[in-house]
Amino acid sequence: MTKYGSFPGARPRRLRTTPAMRRMVAETRLHPADLILPAFVREGISDPVEIGAMPGVFQHTRDSLKKAAVEAMEAGVAGIMLFGVPEESKKDAVGTAGTDPDGILQVALRDVRAEVGDDLIVMSDLCLDETTDHGHCGVLDDQGRVDNDATLERYAEMAQVQADAGAHVVGPSGMMDGQIGVIRDALDQVGHEDVSILAYTAKYSSAFYGPFREAVGSSLKGDRKTYQQDPANIRESLRELALDLEEGADMVMVKPAGPYLDILARISDAVDVPVAAYQISGEYAMIEAAAERGWIDRDRAIMESLTGIRRAGANMILTYWATEVARQL
């Protein structure tokens with residue numbers, strides 16, 4: 001019998017021989033339009049304040065935030081997600097600053113929208129944790145528990161003022177039952193049918209949020225385990241997903257991203273709406289800290305982590321490296 005070739009006949013390494021070959025056959029690609037920049041704006045400061053646990057990330061002034069938004073837009077980033085940090089004296093039990101048209105987040109939304117128009121998608125965090133003196137994502141009852149339905153009333157007001165201020169997209173992140181339906185109704189009632197909802201569908205109670213608490217000046221007492229999801233659960237995420245879609249979510253999110261790639265893949269396979277993933281503060285901080293010590297190659301680790309999130313099914317990735325990576329791409 002004639003023998004053709006040599007053993008082994010199948011040699012996958014042929015498709016890895018050069019950078020050009022690897023680029024040609026790559027199954028997953030990152031693009032600047034896949035990226036969304038989370039950004040913090042803090043009331044009462046005259047210069048940006050670097051966040052200690054997140055080197056290279058700042059609490060912005062109104063002016064520096066506008067500059068960051070323009071830089072993201074020019075780099076080709078798809079959107080910017082804004083978080084407002086009010087002065088401590090303006091925090092109260094019900095998060096009044098979150099529904100004040102002159103609250104820091106609403107002012108920042110107007111600033112950024114005036115600066116970038118429709119060339120950058122302007123998103124707003126819709127949650128009470130930055131504006132409450134107890135740091136929880138909702139209104140507390142007389143026993144100190146988060147009152148789901150009272151919180152929904154506050155979310156409805158927040159949605160309306162954020163949309164009035166210019167948000168293209170609102171991102172309800174509090175994990176209250178029924179929040180998407182209530183927010184959709186609230187937006188539609190005041191003529192904001194075109195404002196989209198990015199549902200934080202699977203938001204887990206994670207240890208990786210630590211640096212974020214510094215970023216938003218959190219006043220949290222206790223934890224959020226009664227409303228954020230248990231890291232042990234998968235089916236619970238799929239139930240949350242079905243409810244969010246039924247209530248009118250335009251896009252859905254998994255948060256955190258890296259430790260929950262299995263959840264991201266399951267959700268991505270199950271839906272026909274865009275799927276986002278949030279590479280959160282702890283994920284950022286770990287790579288930056290390890291790179292600063294010379295333990296890993298920073299740039300390669302950043303790209304590998306983002307590629308993994310994209311490969312798992314994310315159409316959009318919220319990452320603090322958005323502008324930097326977009327420029328490299």
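Nothing fancy with the numbering, it's 1 onward along the sequence. Everything numeric in this text was worked out from a predicted model, so none of it was measured.
- Within the 3.5 Å criterion, the main-chain N or O of Asp185 finds no donor-acceptor partner in the side chain of Asp188.
- Ala163 and Val195 make their closest contact through CB-CG2, 3.9 Å (heavy atoms, listed as atom of the first residue, atom of the second, distance).
- From Ile280, atom CD1 reaches atom CE of Met286 across 8.5 Å, with rounding to the nearest 0.5 Å.
- Note on Leu30: it clusters hydrophobically with Trp321, by side-chain heavy-atom contacts below 4.5 Å among ILVMFWY residues.
- Residues Ser305 and Ile287 share a closest heavy-atom pair of OG-CD1, 3.9 Å.
- Side-chain contact between Leu140 and Val146: present, with at least one pair of heavy atoms (C-beta onward) separated by less than 4.5 Å.
- Note: the hydrophobic cluster containing Val254 also contains Ile36 (ILVMFWY, side chain heavy atoms under 4.5 Å, direct or indirect links).
- Contact between Ile180 and Pro172 at its shortest, heavy atoms only, is CD1-CG, 3.7 Å.
- Of the possible polar contacts, none joining the Lys255 side chain to the Tyr200 backbone as a donor-acceptor pair under 3.5 Å is found.
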Note to self: Assess the residue pair Met253 and Thr201 against the criterion (side chain to side chain contact (heavy atoms under 4.5 Å, CB included)); give the C-alpha distance rounded to whole Å, side-chain angles, the decisive distance to 0.1 Å, and a yes or no.
What the structure shows: CA-CA 5 Å; Met253 185 195 292; Thr201 291; 5.9 Å; no
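- Contact detail for Arg327 and Ala75: the closest heavy-atom pair is CG-CB, 3.9 Å.
- In this structure, the side chain of Gln160 does not engage the main chain of Val190 through any donor-acceptor pair within 3.5 Å.
- Using a 4.5 Å cut-off on side-chain heavy atoms (C-beta onward), Glu240 and Val252 make no contact.
- Both Phe40 and Leu198 belong to a common hydrophobic cluster when Ile, Leu, Val, Met, Phe, Trp and Tyr are linked at side-chain heavy-atom distances under 4.5 angstrom.
- Here the straight-line distance linking atom OG of Ser173 with atom CD of Gln179 works out to 7.5 Å at 0.5 Å rounding.
- A side-chain donor-acceptor contact under 3.5 Å links Glu247 to the backbone of Gly181.
- Salt bridge Arg154/Glu157: present, at least one basic N to carboxylate O contact under 4.0 Å.
- Of all heavy-atom pairs spanning Pro48 and Thr61, the tightest one is N-CG2, 3.8 Å.
- Residue Thr323 comes nearest to Glu71 through the heavy atom pair CG2-O, 3.9 Å, listed as atom of the first residue, atom of the second, then distance.
- Distance CZ/Arg298 to CD/Glu292: 11.5 Å, rounded to 0.5 Å.
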Notebook entry, point to check: Does the pair Leu261 and Ile309 meet the rule for a side chain to side chain contact (heavy atoms under 4.5 Å, CB included), with working shown?
Noted result: CA-CA 7 Å; Leu261 295 181; Ile309 296 165; 4.0 Å; yes
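- In this structure, the side chain of Glu288 does not engage the main chain of Ala285 through any donor-acceptor pair within 3.5 Å.
- Residues Thr96 and Lys90 form no side-chain contact, since every pair of their non-hydrogen atoms from C-beta on lies 4.5 Å or further apart.
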Note to self: side chain to side chain contact (heavy atoms under 4.5 Å, CB included) for Arg29 and Arg23? Distances and angles first, verdict last.
What the structure shows: CA-CA 9 Å; Arg29 301 180 193 279; Arg23 186 169 61 248; 4.2 Å; yes
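- Atom OH in Tyr260 sits 5.0 Å away from atom OG in Ser206 (nearest 0.5 Å).
- At a threshold of 4.5 Å between non-hydrogen side-chain atoms, the residues Arg266 and Ile263 do not count as touching.
- Of the inter-residue distances, the one linking Glu130 atom CD with Thr132 atom OG1 reads 8.5 Å to the nearest 0.5 angstrom.
- Remark: the backbone N or O of Pro55 is paired with a side-chain donor or acceptor of Tyr284 at under 3.5 angstrom.
- Taking the charged nitrogens against the carboxylate oxygens, Arg184 and Asp244 have no contact shorter than 4.0 Å, which rules out a salt bridge.
- Counting only heavy atoms from C-beta outward, the side chains of Glu43 and Pro86 approach each other to under 4.5 Å.
- With contacts defined as side-chain heavy-atom distances shorter than 4.5 Å, the pair Met303/Gln328 qualifies.
- No side-chain heavy atom of Ser124 sits under 4.5 Å from any side-chain heavy atom of Phe83.
- Within 6.0 Å of atom CG in Asp194, 12 or fewer heavy atoms from other residues, nucleotides or ligands are found, so the atom counts as exposed in its surroundings.
- Neither Leu109 nor Val169 shares a network with the other; the hydrophobic side chains, linked directly or stepwise wherever heavy atoms of I, L, V, M, F, W or Y lie under 4.5 Å apart, form separate groups for each.
- Enclosure of atom CD in Glu246 is not indicated, since only 12 or fewer non-hydrogen atoms of other residues, nucleotides or ligands lie within 6.0 angstrom.
- Of the possible polar contacts, none joining the Arg110 side chain to the Ala165 backbone as a donor-acceptor pair under 3.5 Å is found.
- The shortest side-chain heavy-atom distance between Leu82 and Leu65 falls under the 4.5 Å cut-off.
- With His168 contributing its side chain and Asp118 its backbone, the two residues share no donor-acceptor pair below 3.5 Å.
- Judged by distance alone, with hydrogens and angles left aside, the side-chain atoms of Gln279 form no donor-acceptor pair with the main-chain N or O of Ile317 at under 3.5 Å.
- By the criterion of side-chain heavy atoms lying less than 4.5 angstrom apart, applied directly or through intervening Ile, Leu, Val, Met, Phe, Trp or Tyr residues, Tyr320 is not grouped with Phe58; the two fall into different hydrophobic clusters.
- Summarising the local packing, CZ of Arg300 is surrounded by 12 or fewer heavy atoms from other residues, nucleotides or ligands at distances under 6.0 Å.
- Listed for the Arg42 side chain is no donor-acceptor partner under 3.5 Å among the backbone atoms of Gln59.
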Note to self: The test is side chain to side chain contact (heavy atoms under 4.5 Å, CB included); show your working for Tyr204 and Glu236 and say whether it passes.
What the structure shows: CA-CA 11 Å; Tyr204 283 87; Glu236 185 179 28; 5.6 Å; no
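- Distance check: Ser281 OG to Ile51 CD1 gives 9.0 Å after rounding to the nearest 0.5 Å.
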